[in-house]
Each structure stands twice: as structure tokens, then as C-alpha cells.
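Just below is one structure, and these are the notes that go with it.
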Amino acid sequence: MHYSLSDIFALADQNSHQLKVSQVGIEKADRAVRVAKDGKLPVIESFLGGSYIGNQTLMSRGFADASSVATPHWGNAMTLEIKQSIYEGGSITGAITLGELESQLARLQHEQNKQEVRFTLSSWYLSLCRLCNEEKIYLSSKHQAEQLLEQMRACFEQGTVLKSDVTRYRLYLKDIEIELEKIQNQQTTLNYYLLTVTGLPSHIKIQPDESYPHAETKVTGDTEWQQEVNLNSFRIKTARKEEAIFFQQIENARSAKRPSIYLWASESLQGPIVSAMPPINKNLNNWQLGVGLRFTISSFYTANKKVRLHESAWRQSKENLQLTIDREQMEVNEAYLKWTESVNQLKVREEYKELADENYEVVSERYLNGLAIVTEMLDASTEQLSAELKLANKRIEIYYNYSRLKKLAGLL
């Protein structure tokens, strides 16, 4: 079946397991944000219990004159407590902000994975295009060689061609058949790769869009590509987001040095009243409202170490961001040079192909007239085949390098 590269991309977006893993990562990060936001909600606790109470023992301070005091045996207790945080030193807000940053990072990593998957798919797809072109070229060359071989056999019958000439050309045909088998095996392998990532059934044979390698590419200068990469590269965006995450971790570590303030309310119902003497077999209900202030004194000598630790990690992330920018700029510069090189060489390859065709026609005519030896004929055939293959591969190479540029710029 015929599939365009856009069709392959769309199927991979739906079925690629690599993308599904990062998609689940987004869902996990979003859930972590919702969990962090729950820190703003009140904490409600309740307790309901029953107990058996033994008789109390009354004795002097010297542990003498012990006597038993009758006590109601069945006890019950019920409590309800509500606690609402008012200020936590910024730890709750910081946890939410950190969760949101990690959620954004998960989305960037998903988009980066999508670019990587698409670039891999384009490489396979273009290789499949190349192999299909090579197969056609070899089949055409085989047909041409078979026709020439028939003419050589006719000349051999007439005694104008040696049998060794016929044998050498038959060997040339066998070499073409071997190459065709290699090409078909490579096509099967690439087809399997594409089916695996796109989730298509295993019996489908993907036929690439032959017009794709001949599509026009957008001519853009090196400076424009560098700007596109700085603005849209998902690797750079990911590195920037990681820097923001490390900076937020510094703020979260500083929040440990601040006090927390909270409101609380509680109500309890308990019986019997065993604190009285003698114990009273009744329930006692009481309720309370209050404001609490909590401060961890040990944070004076522990929090600063954690802050400095996160500051070191933040500085490292800043250096990693600059390193990522440098690497992306070097890679886009290399990809741009390779792209322009392949574009410039295409014209040469087209002229080379024309010359190889002309040379084959001349040598073929001379050979059939007995003015050239079989070695010249084989050389001309091999040169013509090589010229056709190199021209087809050069067209593929142009779009491979262009796809690489688009991947680096996050535009694939």
C-alpha cells in the first residue's frame, strides 16, 4: 500500500510505544500537580473507639495500703479534628510550582521524543525510497544487459564475438541479480521497522511516495536555521526548563527555614470520666478552636546546606544549558553544510549521468561493430549503473539532510 511520510507520522503519533511512554509521563506529572495542590486543603481526622477498663488501684505515696476502686468497665472515645494551613513558608506554593514545571518538562520531552521518532521514521522512509529507486535502476540495467547479451549471442553465432565475452556479461548479470536480492532483503527489514513503529498489520508492504524525494525544499541560510534552532529546539527548551526546575528547588529548600501557621478545631466525646475519684460513668464532650505556630529550630543549621546543594545543581544546569546550545549550533552548522553540499552536487551528478548514458551508447555501438572489447563494454555498463545510483542517492541525501535540519529546529 502507498503511504506518504505524513501518513507514517500520523500513525506513529497514535501507535508508537516510545511516544506512549512519554504520554503517560505527562499524565503522571499532571497528577503530581493535583497532589501538590491538595496541600492547600484542610486536614480532617476522626477517631472512634471502644475499650474495656479495669478497676483502678488506689495506694499511698509510699506504695502501701493499696485498695481497689470500682470503675465502669466499658469505655468509648470519639474525636474529630480539623487543621487548615494558613502559611507554610512557601512550601505548598513551591511544591505546586515545581510540579507545574515538571509537567511542562514532561510535555517538552514528549515533543522531543516525537521529533526523534519522526526523524528515525524519515530516515527509514527515505532509505526505502532509495532502495526502491535502486531496485528499478538495477532491473532496468538488467533488462538492458539481457538485450545486449542476446545481441552478443547472435554475434557469437556469426563468429564475431568470443564466447568469453558472452560469459563475462553473463557474470555481470549474475552480479546484478545478487544486488537485487540484497536490496529486496533490506526493503523487507525497513518495512518491518516501519510497521512496528506505526502499528500497521505485519502483512502490509509499504510503498513509499515516489514524489517525496523530488519535492522542493525551503532554501534558508545558515543564520536563519541557527535562529530557528535557538527558538524552537526542544533540546534547548528542555534544558531551559530543567534550569527553572533546579532554581525552584532552591526556593523550596529555603522555605524550610520559615515558620508555619495554621488554624485548628477539635471536638471529642469520651466516657467514662476516669480522671475523677471515684470515676463517673458518664460521657464528657468538649471542643476547641485555636491558632498554631510551628517552627523547626534545627533548620537553622540544616536548611542552608540543602540550599547550597540545590544552588550547585542549579549552576550545573545553567552550564548544561549553554553546553546544549553550543552542541545544537554545531550540529545545525554541520547539517546545513552537508545539505548545501548535497544540493550543489546534485547538478554535477545529473551531468555525470548524461555523460555516462552517452558513453554507454557510443561504446555499445562500437562493440557491436567490433571496434571495442568486452572490457570497455562492461566498464561502460558499470559506469552507467553507478551514475544512475549516485544520482538517485544524491536526491535522497538532500532530503535526509533537510529532515535533519528540521528535526534540530523542532519543525519535523
Side-chain angles (χ1 to χ4, degrees), residues 5-6 8-9 12-13 16-23 25-26 29 98 100-127 193 197 212-213 215-250 310-345 394 396-412:
L5 191 58
S6 299
I8 297 295
F9 286 168
D13 289 346
S16 169
H17 292 292
Q18 182 176 343
L19 295 181
K20 286 182 179 180
V21 169
S22 56
Q23 187 65 50
I26 293 175
L98 183 61
E100 290 172 344
L101 288 171
E102 290 176 342
S103 177
Q104 294 166 13
L105 177 63
R107 283 171 168 77
L108 288 173
Q109 290 173 336
H110 177 70
E111 291 300 322
Q112 181 179 333
N113 285 339
K114 185 183 290 186
Q115 291 293 308
E116 296 290 344
V117 168
R118 288 188 172 188
F119 180 66
T120 301
L121 289 171
S122 1
S123 301
W124 292 342
Y125 190 86
L126 287 171
S127 295
Y193 290 167
V197 176
Y212 177 74
E216 292 295 328
T217 56
K218 181 181 178 183
V219 180
T220 311
D222 180 51
T223 304
E224 287 79 3
W225 279 112
Q226 294 284 1
Q227 291 173 350
E228 286 285 351
V229 168
N230 288 333
L231 288 173
N232 300 314
S233 168
F234 286 106
R235 288 181 183 173
I236 295 177
K237 288 181 179 179
T238 298
R240 286 198 179 105
K241 194 61 65 176
E242 287 174 344
E243 181 196 0
I245 287 174
F246 281 114
F247 183 79
Q248 183 60 45
Q249 287 176 345
I250 296 174
H310 289 300
E311 285 176 344
S312 297
W314 174 60
R315 288 195 300 272
Q316 185 181 32
S317 69
K318 288 183 67 178
E319 294 299 328
N320 182 65
L321 170 59
Q322 189 57 52
L323 177 62
T324 302
I325 292 173
D326 292 343
R327 285 177 174 173
E328 290 292 281
Q329 289 177 343
M330 289 188 291
E331 193 169 348
V332 76
N333 181 66
E334 178 191 358
Y336 177 77
L337 290 176
K338 286 185 176 294
W339 175 58
T340 53
E341 176 184 297
S342 56
V343 170
N344 294 334
Q345 289 180 355
K394 187 58 64 177
I396 299 295
E397 184 182 312
I398 290 172
Y399 289 91
Y400 171 81
N401 290 325
Y402 189 70
S403 297
R404 185 182 173 193
L405 281 170
K406 292 180 71 176
K407 189 264 288 188
L408 290 170
L411 303 174
L412 193 58

Practice problem: Mind checking ring-ring contact (aromatic ring centres under 6.0 Å, His included) for Y193 and listing every partner two or more places apart, or none if nothing turns up? | Solution: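 With neighbours one apart ignored, the set is W124.
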Interatomic spacing from [atom1] in [X] to [atom2] in [Y] - rounded to 0.5 Å:
X    : Y    : atom1 : atom2 : result
N232 : L408 : CG    : CG    : 12.0 Å
L321 : T238 : CG    : OG1   : 10.5 Å
H110 : L105 : NE2   : CG    : 13.5 Å
E111 : K237 : CD    : NZ    : 8.5 Å

Exercise. Return the orientation label for the Y402 and W225 ring planes: parallel under 30°, perpendicular over 60°, tilted otherwise.
Key: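 Because their plane-to-plane angle is over 60°, the rings of Y402 and W225 count as perpendicular.
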Quiz item: Looking only at heavy atoms, which two atoms of L405 and Y336 are closest? And how far apart?
Solution: CD2-N, 3.7 Å
Exercise. Check step by step if side chain to side chain contact (heavy atoms under 4.5 Å, CB included) holds for Q18 and S22.
Key: CA-CA 7 Å; Q18 182 176 343; S22 56; over 6 Å; no
Check whether [X] reaches the backbone of [Y] with its side chain - one donor and one acceptor, N or O, closer than 3.5 Å.
X    : Y    : value
S233 : N230 : no
T340 : L337 : yes
Q226 : Q329 : yes

Exercise. Might you work through the side chain to side chain contact (heavy atoms under 4.5 Å, CB included) test for R107 and Q104, ending with a clear yes or no?
Key: CA-CA 5 Å; R107 283 171 168 77; Q104 294 166 13; 5.7 Å; no
Quiz item: What do the steps show when you test D326 against Q322 for side-chain hydrogen bond (donor to acceptor under 3.5 Å, both in side chains), and what is the final call?
Solution: CA-CA 6 Å; D326 292 343; Q322 189 57 52; 3.1 Å; yes
Self-check item: Side chains of S122 and R118, donor plus acceptor under 3.5 Å
Solution: no
Quiz item: Is the distance between the ring centroids of F119 and Y400 under 6.0 Å?
Solution: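 Yes, the ring of F119 comes within the 6.0 Å limit of the ring of Y400, centre to centre.
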Quiz prompt | Heavy atoms from other residues, nucleotides or ligands near CD of E224 exceed 12 (cutoff 6.0 Å) | solution =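 For E224, atom CD is crowded (more than 12 foreign heavy atoms under 6.0 Å).
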Self-check item: side chain to side chain contact (heavy atoms under 4.5 Å, CB included) evaluation trace for R235 with R327
Solution: CA-CA 10 Å; R235 288 181 183 173; R327 285 177 174 173; over 6 Å; no
Self-check item: Test side chain to side chain contact (heavy atoms under 4.5 Å, CB included) applied to K241 and E102, step by step
Solution: CA-CA 8 Å; K241 194 61 65 176; E102 290 176 342; over 6 Å; no
Quiz prompt | Basic-acidic side-chain contact under 4.0 Å: K394, E397 | solution = yes
